[in-house]
Amino acid sequence: MLQLQAIRDSKNDFITALTKRNIDGAPLLEKAIELDDKRRETQTKLDKTLAESNALSKEIGMLFKSGKAQEANVLKEKTGILKEDSKVLSDTLTTVEEELQSLLYQIPNIPHSSVPAGNTDEDNEEVFSEGTVPELVSNALPHWELAKKYDIIDFELGVKITGAGFPVYKGKGARLQRALIAYFLDKNTEAGYTEIQVPHLVNEASGYGTGQLPDKEGQMYHIGEDDLYLIPTAEIPVTNLFRGEILKEQQFPICYTAYTPCFRREAGSYGAHVRGLNRLHQFDKVEIVRVEHPSKSFEALDGMVEHVKNILRELKLPYRILRLCGGDLGFTSALTYDFEVFSTAQDRWLEISSVSNFEAYQSNRLKLRYKDENGKSQLAHTLNGSSLALPRVLAGILENYQVEDGIEIPEVLVPYCGFSKID
RNA sequence: GGAGAAAUGGCAGAGUGGUCGAAUGCGGCAGUCUUGAAAACUGUUGAGGGUCACACCUCCGGGGGUUCGAAUCCCUCUUUCUCCGCCA
């Protein structure tokens with residue numbers, strides 16, 4: 001959520017920046033300022049009415065104490081009118097505030113200056129690539145065929161017990177999953193992230209805090225009976241740990257990592273691109289989350305990008321990094337780098353990580369602040385990234401590491417797996 | 001799930017209708033003292049709105065109500081604790 005003061009200060013810059021998202025921000029921002037003006041005006045009137053009423057009440061109290069009941073009763077009548085006025089004003093205020101709030105919820109974050117303009121993923125900007133695409137055997141298979149051939153992932157069984165998009169991992173497949181989770185967590189811990197375990201269900205307030213609500217309402221599984229949401233990413237519970245907190249500057253940087261399953265309804269997805277592990281309703285992910293001082297957040301973002309690079313280097317997977325264009329940028333993000341691994345057997349890039357700086361956008365919703373050197377509350381910056389999303393890393397490994405008689409295991413994972421080949 | 005008790009500032013803990021944004025203690029910060037630190041002493045110390053700055057307004061778990069006036073009374077929801085039941 002954007003800050004009103006920032007909108008007032010930089011309205012024109014914001015409008016220009018929002019065109020990168022193909023959004024005409026002018027009417028939205030102007031409406032927000034207008035509503036805020038109305039809010040202030042109403043608040044001032046209400047405050048005055050209440051002040052008057054408070055003063056009278058005090059007077060009445062004193063009159064009663066000194067036995068002047070009659071005078072008191074005269075004043076009582078006055079307060080009756082004030083009460084009616086304040087009721088009207090406070091109703092107006094509530095309406096205006098709600099209107100303003102829901103308007104602000106509709107305005108996405110302002111893209112960072114480096115974000116390229118554009119509509120679709122075609123317009124994303126490749127900023128880095130590394131690793132060599134392996135020469136595969138002539139009869140190379142896509143991962144869903146490999147999964148069947150070596151009996152390590154069973155999609156049909158998942159359909160039987162739950163539905164499409166809920167695979168069952170078996171034997172060495174299951175073990176490889178566990179190995180990846182442990183490996184990622186270890187790498188993150190080494191890099192200074194504190195490992196935590198968080199609930200996989202969150203309440204509505206958390207959904208609003210990180211911005212999945214109301215924007216992505218239909219994408220989350222919702223448990224109506226208890227009004228809880230299955231998390232689509234660990235970002236929600238981890239970032240919301242800091243909802244409503246006021247930090248001390250010396251607490252920065254805050255770095256957390258968590259493994260969780262992620263649940264996504266993926267309404268509207270279909271076709272070959274969602275085959276196999278490419279798009280699932282339930283998948284595993286290891287996430288990194290940071291809470292930073294505003295002056296350090298972009299430095300932190302670069303650090304996170306380097307960190308993810310290191311992991312992919314160790315896994316020896318060919319990958320590239322994209323800077324997302326305005327049209328592809330998430331609602332709450334100011335700058336996002338996507339990591340894509342090249343899946344040789346499918347001959348396409350698969351997104352495996354997304355690393356973003358939300359600046360103060362989430363913090364403003366979360367009311368996540370810190371005290372600056374003057375003792376004033378300021379909004380902190382939040383960031384997060386996947387390190388990494390399991391299914392597509394698994395797809396990349398299966399496809400790129402396949403040989404004539406099986407699938408080799410990346411060297412760094414062998415100690416975690418306890419085997420060096422799936423056959 | 002049943003019965004009872006409770007929810008107050010960073011923490012502990014007073015406060016049962018007006019003088020309470022809230023005693024006191026601890027903690028935090030600043031200062032005096034000290035070579036330095038500790039101790040002691042002095043001052044200061046919740047959040048939000050609003051203002052050039054004051055004033056002023058709101059907030060004592062959330063929501064609603066009674067009253068001229070609510071931390072205090074009533075209703076409701078949530079959470080926590082104790083006892084019973086169930087249970088990985």
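Just so we're clear, the structure is a prediction, and the values are computed from it rather than from any experiment.
- B:U34 is unpaired under the criterion used here, namely a Watson-Crick or G-U wobble arrangement in which both key atom distances are under 3.5 Å.
- In this structure, A:I246 atom CD1 and B:A47 atom C1' are separated by 6 Å, rounded to whole Å.
- Summarising the base pairing, B:U24 is matched to B:A12 through a Watson-Crick or G-U wobble pair whose two defining distances lie under 3.5 Å.
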> Quick one: what's the B/S/- string for nucleotides 49-62 of chain B, heavy-atom cutoff under 4.0 Å, read 5' to 3'?
Replying inline: BSS----SSS----
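- No side-chain donor-acceptor contact under 3.5 Å links A:D186 and A:T189.
- B:U19 is unpaired under the Watson-Crick or G-U wobble criterion, no partner having all donor-acceptor distances under 3.5 Å.
- Note: NZ (A:K76) to C1' (B:G69) measures 10 Å, nearest angstrom.
- Across all strands shown, B:A70 has no partner, as no Watson-Crick or G-U wobble contact with both distances under 3.5 Å is found.
- Nucleotide B:G85 forms no Watson-Crick or G-U wobble pair with any nucleotide shown, as no partner meets the under 3.5 Å limit on both distances.
- Nucleotide B:C59 forms a pair with B:G46, judged by Watson-Crick or G-U wobble geometry with both contacts under 3.5 Å.
- Using C1' as the reference atom, B:C41 and B:A47 are 31 Å apart when rounded to the nearest Å.
- Atom NZ in A:K248 sits roughly 14 Å away from atom P in B:G27 (whole-Å rounding).
- Atom CG in A:N73 sits about 13 Å away from atom P in B:G69, given to the nearest Å.
- Comparing B:C33 with B:A38, their P atoms are spaced 15 Å from each other, to the whole Å.
- B:U45 and B:C83 are spaced 42 Å apart, taking the C1' atom of each and rounding to whole Å.
- A distance of about 39 Å separates the P atoms of B:G36 and B:G13, rounded to the whole Å.
- When the side-chain nitrogen and oxygen atoms of A:K83 are compared with OP1 and OP2 of B:G69, one or more of them lie within a distance under 4.0 Å.
- On the P atoms, B:G43 is 34 Å away from B:C52, given to the nearest whole Å.
- In the model, A:Y229 has no side-chain atom that pairs as donor or acceptor with a side-chain atom of A:Q219 under 3.5 Å.
- Pair assignment for B:U51 gives none, since no Watson-Crick or G-U wobble pairing has each distance under 3.5 Å.
- A donor-acceptor pair shorter than 3.5 Å can be found between the side chains of A:D47 and A:Q43.
- If you check every strand for non-hydrogen atoms under 4.0 Å, A:S57 touches a base.
- Distance check, rounded to the nearest 0.5 Å: CG of A:L104 to CD of A:Q3 gives 10.5 Å.
- Formation of a donor-acceptor pair under 3.5 Å by the A:D338 side chain with backbone atoms of A:L322 is not found in this model.
- Toward the 5′ end of RNA chain B lies the nearest nucleotide of A:K58, the other residue of the pair A:K58 and A:K87 mapping further downstream.
- The distance from atom CD of A:E245 to atom P of B:G10 is 10 Å, rounded to the nearest whole Å.
- Side-chain N/O atoms of A:Y105 and A:R365 include no donor and acceptor closer than 3.5 Å.
- For the C1' atoms, the distance linking B:U16 with B:A71 amounts to 10 Å, nearest Å.
- B:G9 and B:G28 have their C1' atoms separated by 13 Å, given to the nearest Å.
- A:K376 has its NZ atom 12 Å from the C1' atom of B:G48, to the nearest Å.
- If you take CG of A:D226 and P of B:C77, they are 16 Å apart, rounded to a whole angstrom.
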Please report, to 0.1 Å, the donor-acceptor pairs under 3.5 Å made by any side chain of residues 249-262 of chain A, with sequence neighbours excluded.
from, atom 1, to, atom 2, distance (Å)
A:E249, OE1, A:H293, NE2, 3.4
A:E249, OE2, A:E373, N, 3.1
A:Q251, OE1, A:K248, N, 2.8
A:T257, OG1, A:N188, ND2, 2.9
A:T257, OG1, A:E287, O, 2.9
A:Y259, OH, A:D284, OD1, 2.7

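- With hydrogens and angles ignored, the 3.5 Å screen pairs a side-chain donor or acceptor of A:S102 with a backbone N or O of A:E99.
- Remark: B:A39 base-pairs with no nucleotide in the shown strands. Criterion, Watson-Crick or G-U wobble with two distances under 3.5 Å.
- Of the P atoms belonging to B:G62 and B:U79, the separation is 15 Å, rounded to the nearest Å.
- At a threshold of 4.0 angstrom between heavy atoms, the contacts of A:S377 are confined to the sugar-phosphate backbone, with no base atom among them.
- Taking atom CD of residue A:E98 and atom C1' of nucleotide B:G63, one finds them 13 Å apart after rounding to whole Å.
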>> Does A:L18 form a side-chain contact (heavy atoms from CB on, under 4.5 Å) with A:I110? I'd like the steps, not just the answer.
In response: CA-CA 6 Å; A:L18 282 171; A:I110 303 301; 3.8 Å; yes
